[in-house]
Amino acid sequence: MKRQWEIDALRGLMLVLMTLTHLPSRLTDPLGQPFGFVSAAEGFVLLSAYVSGLVYSRLAQRQGITAMRWAFGRRALKVWGAQAATLLLLFTVIAGLGVRFEQPAVTDLVSYYLAHPRDAFVSGLLLVYEPPLLDILPMYIFFMLVSPWVLGFALRHGWGLVMLASVGLWGMAQFGLSEWAYGVAVREFGLSVPYEEMGSFNSFAWQFVWFTGMWIGMGRQAHGAKPLHFPWWIVVSSIVVAVYCFVWRHFGDDGQAPYGGDVAMNLLFDKWQLGPFRVINFAALGVLAVRFGPAVIERLPRSWLRPLEAMGSASLPVFCAHLLAVLLTLAFYGSNQLARPAWGDAVLLAVVFAWLYAVARVTHWWERRTS
């Protein structure tokens, strides 16, 4: 099916924001969660799920559920290959540089691997051990493996029960479902990987973003689907929430931690648990994007957005390329955001984004050549 270039451009924007967030520079804090208490990760996961719902539901309707499941499986295998390659690079080149230069930013990141290399290597390939920065693709693979069964059910019975179950899982995740499941795995299967080494994202909470995106995507490809429309009071409420959170984030006393040192209150906006206030902030931004996004895009020359479009349509290789750039930067400079002068940050960012764009262009060239 024909690609929606606007969605690719949005995914490219999410990749740019993730790179700016992960790459230590003077822009890390100002552009971390730039629109409020919402990060690029939420947008990236939602957009990926939207595309999956759009593409795979149409595939199921045209070629059957079995073909759709095989397609999901092939995609999950491809993502696993990317994750495995990135892990191998981390465990060899990056870890070696970190040890050689005694760089805490790297040695702390792979501390479990350095202490238990064999267990870390095997459990990493099994997606159990998930070092920081390398924990979003395992969650993505998990969603891809579950999605064909959920989508198959939704095609037959609708999304009502699916979303009800999704909200229920998200709610239980706020009260320790992930920790309980970890305890069961330790007790019943002898799991040895520490809980804190299994990735920062709580998949039981984040599945809500994924299946919401799939639900919207499947609805967009339905015959006779009308553009999404929100009542005026929802749009106005979303403006109030979005502006309030934006001002709080950028002009409040505590920056990205809305309640400062109050850990319990910060959980309401927590990224990893997908706290309830964070969901509200994200939903408000989503409403505004749907309501005003098309008009904004119409007024922007597409040529301005082509670099973002190119990166977004090659999101998996570009995502892995951004991880490589970030890990190498950590190995040589550490995590200090002021390790370089301002002009050094400018050069670093220019080189990194040129690298990401080059990876996107090479990916497209290769796909054209092999298609």
Side-chain angles (χ1 to χ4, degrees), residues 11-32 39-41 44 79-115 117 120-121 124-125 127 129-138 140 197 199-201 307-308 310-312 314-363 366:
R11 286 208 288 185
L13 175 61
M14 297 303 109
L15 288 165
V16 167
L17 292 175
M18 277 193 281
T19 303
L20 291 170
T21 300
H22 294 155
L23 201 67
S25 75
R26 286 167 174 77
L27 296 180
T28 300
D29 283 338
L31 294 181
S39 71
F44 187 75
V79 177
W80 178 86
Q83 173 72 2
T86 309
L87 275 174
L88 290 174
L89 182 68
L90 174 64
F91 292 160
T92 54
V93 176
I94 304 301
L97 289 172
V99 173
R100 172 68 177 80
F101 296 116
E102 298 181 352
Q103 184 58 262
V106 172
T107 55
D108 290 349
L109 188 144
V110 294
S111 58
Y112 181 71
Y113 169 74
L114 294 176
F121 179 76
L125 293 180
L127 308 180
Y129 168 47
E130 302 172 15
L133 297 177
L134 276 75
D135 50 1
I136 193 169
L137 288 186
Y140 187 82
E197 298 290 352
S200 300
F201 291 93
L308 294 178
M311 289 190 288
S315 57
L316 179 58
V318 171
F319 178 84
C320 294
H322 116 274
L323 287 179
L324 173 59
V326 171
L327 292 171
L328 286 173
T329 302
L330 292 176
F332 287 107
Y333 291 104
S335 57
N336 183 1
Q337 298 174 13
L338 302 176
R340 296 163 302 278
W343 66 265
D345 280 351
V347 171
L348 175 65
L349 291 171
V351 170
V352 168
F353 285 117
W355 156 246
L356 298 186
Y357 183 63
V359 168
R361 293 296 301 267
V362 170
T363 300
W366 180 256

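Looking at heavy atoms from C-beta onward, L87 lies in side-chain contact with L134 at the 4.5 angstrom threshold. Residues L137 and L127 have side chains not in contact (no heavy-atom distance under 4.5 Å, counting atoms from C-beta outward).
Panel note: side chain W80, backbone L125; a donor-acceptor pair is recorded below 3.5 Å. Side chain of H22 to main chain of T19: no donor-acceptor pair is present (N/O by atom type, distance under 3.5 Å, no hydrogens or angles). Distance alone, capped at 3.5 Å, places no donor-acceptor pair between the D135 side chain and the E130 backbone.
Results of the side-chain contact (heavy atoms from CB on, under 4.5 Å) test with L23 over L348, T28, L330 single out L348 as the only residue that passes.
Atom CG of residue L327 and atom CG of residue L109 lie 6.5 Å apart, to the nearest 0.5 angstrom. To the nearest 0.5 Å, the span separating CG on L324 from OG1 on T86 amounts to 8.5 Å.
Shortest non-hydrogen contact noted between G334 and P24 is O-CG, 3.6 Å. Closest approach of T92 and L88 over heavy atoms only: OG1-O, 2.6 Å.
Taking the six-membered ring for Trp and thresholds of 30 and 60 degrees, Y113 and F91 have nearly parallel ring planes, at less than 30 degrees apart.
Sequence neighbours left out, the pairs with a member in residues 336-359 that pass side chain to side chain donor-acceptor pair (under 3.5 Å) are R26-D345, R340-D345, Y357-R361.
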